[in-house]
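All chains are named by letter (A, B, ...) in the order of the sequence lines, taking the proteins before the strands, and each is independently numbered beginning at 1.
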Amino acid sequence: MSTDEQKNSNNPVTEEDDSEDAGLNPPFQTPKGVHDILPVDQDFYTYIKKIVRHRCRQAGFRRISTPIFEFTEVFKRSVGEATDIVSKEMYTFEDKKGRSLTLKPESTAAICRSYIQNGMQNWPQPVELYYIEPHFRYERPQAGRYRQFFQFGFEVIGESDPSLDAQAILLAYRIYQDLGIADTLRLQINNIGDLPSRKIYADALRDYYYGKERYLSEEDKVRLVKNPLRILDSKNEDTIILNQSAPKFKDFISKESQSYHEEVLEYLTDLGINFTSNDTLVRGLDYYSQTVFEFWDEKRGGQNSVGGGGRYDGLIELLGGVPTPAIGFAMGLERVIAQMKRNKVRVPSKDDLHVFVAQLGREAKKICLPLINELRERGVKTMGALGKGAIKNQLKIADRFKAPFCILIGLTEVREGTAIIRDMTLGTQSTVKMSRVVEEVIKRIGQKNLDFYNPKDPVNE
RNA sequence: GUGUCCAUAGCUCAGUUGGUUAGAGCGCCAGAUUGUGGCUCUGGAGGUCGUGGGUUCGAAACCCAUUGGACACCCCA
């Protein structure tokens, strides 16, 4: 039989082959660069969020969420038309009325938009906000780089002072400490000056490289036009030599910026935060000015940034607000998790079961249902496989879920009004009166290990 | 956007210079053990060899395309 031939010939019966999912690995799979976050990794996210929230609240920050998409112009204007993010990494689409919208590639721009839109200049200053949100960038996936990723970040808007910069860095540093990776990271810090002096410097660099293009790589030629400061970062051998006699930013930075920077470094030293003063650190977003910083794992080749930030004093004005100074920080949770895993940091899981209820027979099942419910209400994490038959299977399941205790109720127990409590780690068990089961179980688990949910408690996810 | 490597069972991987019925370990299911998990033993299920095309008497293997993955560049979190 030549079924293959039939499939491939223009058989009139199958003219419209539904090839929606043709060529995919499994029939359906996630698009490139995005993935499911499975339970094992949820523990990491939960843990990081908990630490981040705690540290932020401690420092007076409040949480903000901006929409997943904004008008494209918000990002274009802020991040800079010529930057990689805007020129090739945005998920941009049109709505039904032809307006251009973009999935947020970062949050600072959106928060500044929100600052203006919601009149936050009338709030007590500085306005301190933090966020934990998914972001989207159309890039080739790589280690620690995905098309959807979570970012935690914070912004301090409305004041400018070296102590604020140091405080922002301290907060980031404390969070890395709590996460157990501070020792693996080193702060890189630089001051890239204010916009006017940076412009003058960029022009000076252009003048310098003009006529020397033949020594530049193709990449660096593009940089010469787009962002000459980046040439200083080049890995091209000829360029490195050329760079040695290039104009130095030191000679262009304003006195104010310089003393500002020195003051920031002093504060950091006082706070006991080690840093590398790195004058090649240039961030790729246009809105940065003055202080910029990143946290790098220097042991790993390259400059794998686990987080970074900087001052963006001109951004709010650029978006149509009154001139307002600000500083911010952001870290990618996926990169942080990777860093934690590399360094064998363990996170607690709140999902561990306390007790598994196994039952045998219809009568027993009837009793188990309210029992399970009561246990849960008392804060005991309880599971019951009410569908499964043999008690053997049920114990097996309990074992696989690593339940430390099991409650067994069969026909005998129903008749006698009792229940068996089995200690799964010791392998011992005892029979108790049905009316006492809940108390006995709680006694064994320990009151302080219980998991309470109080609907009246305002602090919930 | 550029480059390099990769794709075989749920997972980790074997599969000889192209050769007839594609294997192992772990995991899963069942039994040994009809009211007791873990350990052991026995058996079982599970594969369009990512997808499409080509070369060939014959393709998991060779070629092309495509989808996905890993890594580096670029850039960034």
Side-chain angles (χ1 to χ4, degrees), chain A residues 3-4 7-8 17 19 21-35 79 82-89 105-108 133-153 172 217-220 222-223 226-227 230 233-236 281-285 294-296 301-309 328-339 356 358-361 364 385 389-414 420 422-429:
Chain A
T3 48
D4 283 356
K7 203 193 273 175
N8 295 325
D17 66 319
S19 55
D21 54 341
L24 296 181
N25 288 337
F28 290 104
Q29 63 185 22
T30 53
K32 193 185 192 112
V34 299
H35 57 259
V79 178
T83 59
D84 278 12
I85 292 182
V86 170
S87 64
K88 54 185 198 192
E89 294 172 8
E106 61 111 45
S107 274
T108 301
E133 301 273 309
H135 296 81
F136 306 85
R137 256 123 98 160
Y138 187 89
E139 287 191 279
R140 283 279 284 275
Q142 199 180 309
R145 177 195 287 175
Y146 305 102
R147 291 187 171 183
Q148 175 178 345
F149 56 97
F150 272 90
Q151 232 179 43
F152 152 72
S217 65
E218 287 308 311
E219 262 166 23
D220 287 332
V222 177
R223 286 167 165 165
K226 262 172 57 178
N227 190 353
R230 281 243 165 244
D233 226 358
S234 181
K235 279 150 194 149
N236 183 292
L281 183 70
V282 182
R283 309 210 82 219
L285 285 66
E294 284 184 14
F295 287 90
W296 292 0
Q303 46 181 58
N304 224 311
S305 175
V306 185
F329 165 82
M331 69 186 201
L333 297 207
E334 288 76 11
R335 289 187 182 183
V336 167
I337 290 170
Q339 188 71 6
F356 188 96
Q359 113 295 143
L360 202 64
I391 203 146
K392 187 177 151 178
N393 283 336
Q394 297 186 53
L395 279 169
K396 214 173 190 173
I397 293 165
D399 189 53
R400 235 175 282 141
F401 281 98
K402 296 187 171 65
F405 295 99
C406 239
I407 296 174
L408 303 168
I409 298 174
L411 289 174
T412 321
E413 287 71 31
V414 175
I420 299 169
R422 182 173 176 84
D423 184 319
M424 295 295 278
T425 42
L426 298 176
T428 57
Q429 59 187 38

Using a distance-only criterion (donor-acceptor N/O pair, under 3.5 Å, no hydrogens), is the base of B:rU36 paired with the side chain of A:Gln429? yes
Counting distance alone, no hydrogens or angles: does the base of B:rA77 have a donor or acceptor under 3.5 Å from a partner atom on the side chain of A:Glu139? yes
Identify whether any heavy atom of [X] sits under 4.0 Å from a base atom; if not, whether one sits that close to sugar-phosphate; answer base, sugar-phosphate or nothing.
{"X": "A:Ala143", "result": "sugar-phosphate"}
{"X": "A:Gly427", "result": "base"}
{"X": "A:Arg422", "result": "base"}
{"X": "A:Gln339", "result": "nothing"}
{"X": "A:Leu333", "result": "nothing"}
{"X": "A:Thr425", "result": "base"}
{"X": "A:Glu334", "result": "nothing"}
{"X": "A:Leu285", "result": "sugar-phosphate"}
{"X": "A:Val306", "result": "sugar-phosphate"}
{"X": "A:Gly33", "result": "sugar-phosphate"}

With respect to the side chain of [X], which nucleotide from [options] is positioned closest?
{"X": "A:Lys392", "options": "B:rC75, B:rA77, B:rG37", "result": "B:rG37"}
{"X": "A:Gln142", "options": "B:rA72, B:rA77, B:rG69", "result": "B:rA72"}
{"X": "A:Glu294", "options": "B:rA77, B:rU33, B:rC71", "result": "B:rA77"}
{"X": "A:Arg335", "options": "B:rC29, B:rC75, B:rA77", "result": "B:rA77"}
{"X": "A:Arg140", "options": "B:rU2, B:rC75, B:rU36", "result": "B:rU2"}
{"X": "A:Tyr146", "options": "B:rC75, B:rA70, B:rG69", "result": "B:rA70"}

Pick the [atom1] atom in [N] and in [M], then give their distance to the nearest Å.
{"N": "B:rC71", "M": "B:rU8", "atom1": "C1'", "result": "22 Å"}
{"N": "B:rC26", "M": "B:rU33", "atom1": "C1'", "result": "24 Å"}
{"N": "B:rU67", "M": "B:rG53", "atom1": "C1'", "result": "15 Å"}
{"N": "B:rG27", "M": "B:rA45", "atom1": "C1'", "result": "13 Å"}
{"N": "B:rC63", "M": "B:rA59", "atom1": "C1'", "result": "12 Å"}
{"N": "B:rA60", "M": "B:rU20", "atom1": "C1'", "result": "15 Å"}
{"N": "B:rG58", "M": "B:rU12", "atom1": "P", "result": "34 Å"}
{"N": "B:rC57", "M": "B:rG18", "atom1": "P", "result": "16 Å"}

Nearest-nucleotide 5' precedence on RNA chain B, A:Arg147 against A:Asp399: A:Asp399
Tell me which of A:Gly308 and A:Glu413 sits closer to the 5' end of RNA chain B, going by the nucleotide each one is nearest to. A:Glu413
What I'd like to find out is whether the side chain of [X] reaches to under 4.5 Å of the side chain of [Y], using heavy atoms alone.
{"X": "A:Thr83", "Y": "A:Glu89", "result": "no"}
{"X": "A:Arg147", "Y": "A:Tyr138", "result": "yes"}
{"X": "A:Arg137", "Y": "A:Phe149", "result": "yes"}
{"X": "A:Phe405", "Y": "A:Asp423", "result": "yes"}
{"X": "A:Glu413", "Y": "A:Ile420", "result": "yes"}
{"X": "A:Trp296", "Y": "A:Leu281", "result": "yes"}

Taking only the side-chain nitrogens and oxygens of [X], find out if one of them lies under 4.0 Å from OP1 or OP2 of [N].
{"X": "A:Arg145", "N": "B:rC73", "result": "no"}
{"X": "A:Asn393", "N": "B:rA30", "result": "yes"}
{"X": "A:Gln29", "N": "B:rG68", "result": "no"}

Using Watson-Crick or G-U wobble geometry with both distances under 3.5 Å, which nucleotide pairs with [N]?
{"N": "B:rU42", "answer": "B:rA30"}
{"N": "B:rA72", "answer": "B:rU2"}
{"N": "B:rC57", "answer": "B:rG19"}
{"N": "B:rA77", "answer": "none"}
{"N": "B:rU66", "answer": "B:rG50"}

Protein-nucleotide distance ([X], atom [atom1]; [N], atom [atom2]), rounded to Å:
{"X": "A:Lys88", "N": "B:rC75", "atom1": "NZ", "atom2": "P", "value": "8 Å"}
{"X": "A:Leu411", "N": "B:rU36", "atom1": "CG", "atom2": "C1'", "value": "15 Å"}
{"X": "A:Phe356", "N": "B:rG37", "atom1": "CZ", "atom2": "C1'", "value": "10 Å"}
{"X": "A:Lys396", "N": "B:rG37", "atom1": "NZ", "atom2": "C1'", "value": "8 Å"}
{"X": "A:Arg400", "N": "B:rC39", "atom1": "CZ", "atom2": "C1'", "value": "15 Å"}
{"X": "A:Phe401", "N": "B:rG27", "atom1": "CZ", "atom2": "P", "value": "16 Å"}
{"X": "A:Ile391", "N": "B:rU34", "atom1": "CD1", "atom2": "C1'", "value": "12 Å"}
{"X": "A:Lys32", "N": "B:rU51", "atom1": "NZ", "atom2": "P", "value": "18 Å"}

Donor-acceptor pair, A:Arg335 side chain versus A:Gly307 backbone, under 3.5 Å? no
Which heavy atom of A:Leu360 sits nearest a heavy atom of A:Ile391, and at what distance? CD1-N, 4.0 Å
Nearest non-hydrogen partners of A:Gly33 and A:Tyr146, listed with the distance: O-CB, 3.4 Å
